[in-house]
Protein chains: 2
Amino acid sequence: MLDVAEAAFVERGYAAVTTKEIAAAAEVPIGTLYQFFPDKGAILQALAERYTDLLDQQLQHFATEAMLSLPLKSYVEQFIESIDRFFQDTPGYQAVFAEITTVMPETDEAGDQQLIQTFTRILPKLNDHLSAEDCEAISFVMVKAIGNLVWRASGQEPKFRQRLVKETQQLAFNYLSPYLLAAAG
Amino acid sequence: MLDVAEAAFVERGYAAVTTKEIAAAAEVPIGTLYQFFPDKGAILQALAERYTDLLDQQLQHFATEAMLSLPLKSYVEQFIESIDRFFQDTPGYQAVFAEITTVMPETDEAGDQQLIQTFTRILPKLNDHLSAEDCEAISFVMVKAIGNLVWRASGQEPKFRQRLVKETQQLAFNYLSPYLLAAAG
DNA sequence: TCAAAACATGAGCCTGGCTCACATTGTAGC
DNA sequence: GCTACAATGTGAGCCAGGCTCATGTTTTGA
């Protein structure tokens, strides 16, 4: 049912898809659809949560020993590549989150907050001198800046997209270096 | 008329405001409203263009001799402070652009593109060794990353917001340094 | 076997964007 | 001043889409 809605949203956009269509495509009467979801927005929200959990899971991978022991440069590069790949492989994510921001800003915020928290928990493992405040601010910047950049990049021509991903890696590395490199105070 | 719509959108959000209400508040019949704007989205678009021009004008200020001769650090700091101030002083911008992204993505894209172009024209004045490609990629990153960061920061608690603005300045400076500092190749 | 509870259904309500037939005002030729 | 015609203003109502709820239909349990 969610999958049917997802496919429709991806293809034609949230606003253009009617609840009647979703119900018809899922081969259930509208009444039944409204027993599972209190309103149209809830369908979007359910999808959003599914996606955020998926992306969050990917981030978790960067909390593993193997990853944490990499040089910062490689770590950041792989991190961003992984996000880029997620966006490429999950076209629904974009379709859903483009809408979520306006239709349900709280849900969008909650999703970002989940990612920020995950990242805030990773940071001390890279440098245990960082204060909690630092970690929160850095995570915020990373999630909001990189999330938006990679998202916007994914809509560009492949060649330019490649370049933008590289720039994003540069941006992230240059930003994090002073906080995370051994030389930092 | 635009001002009436703006006030309503800021207060209650685009979706919650009906065209009938706008017409009533502006003391014109709906028919008349629809002579000025082909549809509800056009009102939003008109507001968006007004805002983008306003912000673009602020960016132009950073193409002046006086500004260009500043050290990169101060230049970047003032640049971002200026954007932050714009967001603070122009609550309508946020209300409008939160919607624009989904309701009229082309318009949103066009707005960003206008800012990117302006910035692409400034960059060679800071370092004339940069290729056109470099300039475009850097501008893209700056507009999308900083725009989003400052926007999201503006919804946070004042103290945290301050911190985020500082981090954004750091982010921008660290990113631009290799491209723009004399030492750079 | 039969109440009564639980669930499924889709006709239709309601709201909000937008239209268009009609009213009003403005213009020009006599 | 009067009439014909154009330009403009107006708001009742059309239509689509989100959502409800009265009415079946099935399940449960005594």
Side-chain angles (χ1 to χ4, degrees), chain A residues 1-51 92 94-111, chain B residues 1-51 92 94-111:
Chain A
M1 197 138 125
L2 270 178
D3 298 319
V4 171
E6 176 183 6
F9 289 164
V10 169
E11 199 189 333
R12 319 215 319 278
Y14 175 74
V17 176
T18 70
T19 52
K20 276 166 190 164
E21 283 170 355
I22 297 173
E27 293 180 53
V28 293
I30 333 170
T32 302
L33 189 150
Y34 276 91
Q35 280 183 334
F36 287 80
F37 304 102
D39 56 29
K40 195 186 175 187
I43 303 173
L44 200 63
Q45 184 165 9
L47 282 171
E49 274 160 21
R50 214 164 66 158
Y51 285 132
Q94 299 176 55
V96 165
F97 271 83
E99 306 289 342
I100 276 282
T101 306
T102 55
V103 180
M104 320 195 66
E106 332 78 51
T107 302
D108 182 39
E109 201 46 50
Chain B
M1 196 138 125
L2 269 178
D3 298 319
V4 171
E6 178 183 4
F9 289 162
V10 170
E11 200 189 332
R12 319 217 317 280
Y14 175 74
V17 176
T18 70
T19 52
K20 275 165 189 163
E21 282 170 356
I22 297 173
E27 292 180 54
V28 293
I30 332 168
T32 301
L33 190 150
Y34 276 90
Q35 280 184 334
F36 287 80
F37 303 102
D39 56 30
K40 195 186 176 188
I43 303 173
L44 199 64
Q45 184 165 9
L47 282 172
E49 275 161 19
R50 213 164 67 159
Y51 285 132
Q94 299 176 55
V96 165
F97 271 84
E99 306 289 344
I100 276 282
T101 306
T102 54
V103 181
M104 320 195 65
E106 333 77 52
T107 303
D108 182 40
E109 201 46 50

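Hydrogens, waters and symmetry mates are skipped; everything else that's a heavy atom, side chains included, is used. Naming: A, B, ... by sequence-line order, numbering from 1 per chain.
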>> Could you check whether any side-chain heavy atom of A:R50 comes within less than 4.5 Å of a side-chain heavy atom of A:L47, counting everything from C-beta outward?
In response: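 Answer yes - side chains close enough.
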> Does any non-hydrogen side-chain atom of A:F37 lie less than 4.5 Å from one of A:Q45?
Replying inline: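 Of all side-chain heavy-atom pairs linking A:F37 with A:Q45, none is under 4.5 Å.
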> How far does CD1 of A:I43 sit from OH of A:Y34, to the nearest 0.5 angstrom?
Replying inline: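 Interatomic distance, A:I43 CD1 to A:Y34 OH, rounded to 0.5 Å: 6.5 Å.
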> So A:E99 and A:F9, side-chain contact (heavy atoms from CB on, under 4.5 Å) or not? Walk me through it.
Replying inline: CA-CA 10 Å; A:E99 306 289 342; A:F9 289 164; over 6 Å; no
Using a 3.5 Å cut-off and no angle test, enumerate the donor-acceptor pairs between side-chain atoms of residues 17-30 of chain B and protein atoms at least two apart in sequence or in another chain.
unit_1 : atom_1 : unit_2 : atom_2 : d
B:T18  : OG1    : B:E21  : N      : 3.0
B:E21  : OE1    : B:R12  : NH2    : 2.9
B:E21  : OE1    : B:T18  : N      : 3.2
B:E21  : OE2    : B:R12  : NH2    : 3.4

Nearest-angstrom distance from the residue atom [atom1] of [X] to [atom2] of [N]:
| X | N | atom1 | atom2 | value |
| --- | --- | --- | --- | --- |
| A:M1 | C:dA8 | CE | C1' | 13 Å |
| B:K40 | C:dT19 | NZ | C1' | 17 Å |
| B:L44 | C:dG17 | CG | C1' | 15 Å |

>> Any residue in residues 9-29 of chain B with a heavy atom nearer than 4.0 angstrom to DNA chain D? Just list them by number, or reply none.
In response: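 Those residues are B:K20, B:P29.
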>> Reading DNA chain D in the 5' to 3' direction, which nucleotide is the first one with an atom under 4.0 Å from a heavy atom of chain A, and which is the last?
In response: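 So the outermost contacting nucleotides come out as D:dG17 to D:dT20.
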>> If you only use heavy atoms from C-beta on, which nucleotide in C:dC18, C:dA8, C:dA11 is closest to the side chain of A:I30?
In response: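 Within the option list, the nearest is C:dA11.
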>> Determine whether B:V10 and B:E6 satisfy the following criterion, side-chain contact (heavy atoms from CB on, under 4.5 Å), listing intermediate values before the conclusion.
In response: CA-CA 6 Å; B:V10 170; B:E6 178 183 4; 4.2 Å; yes
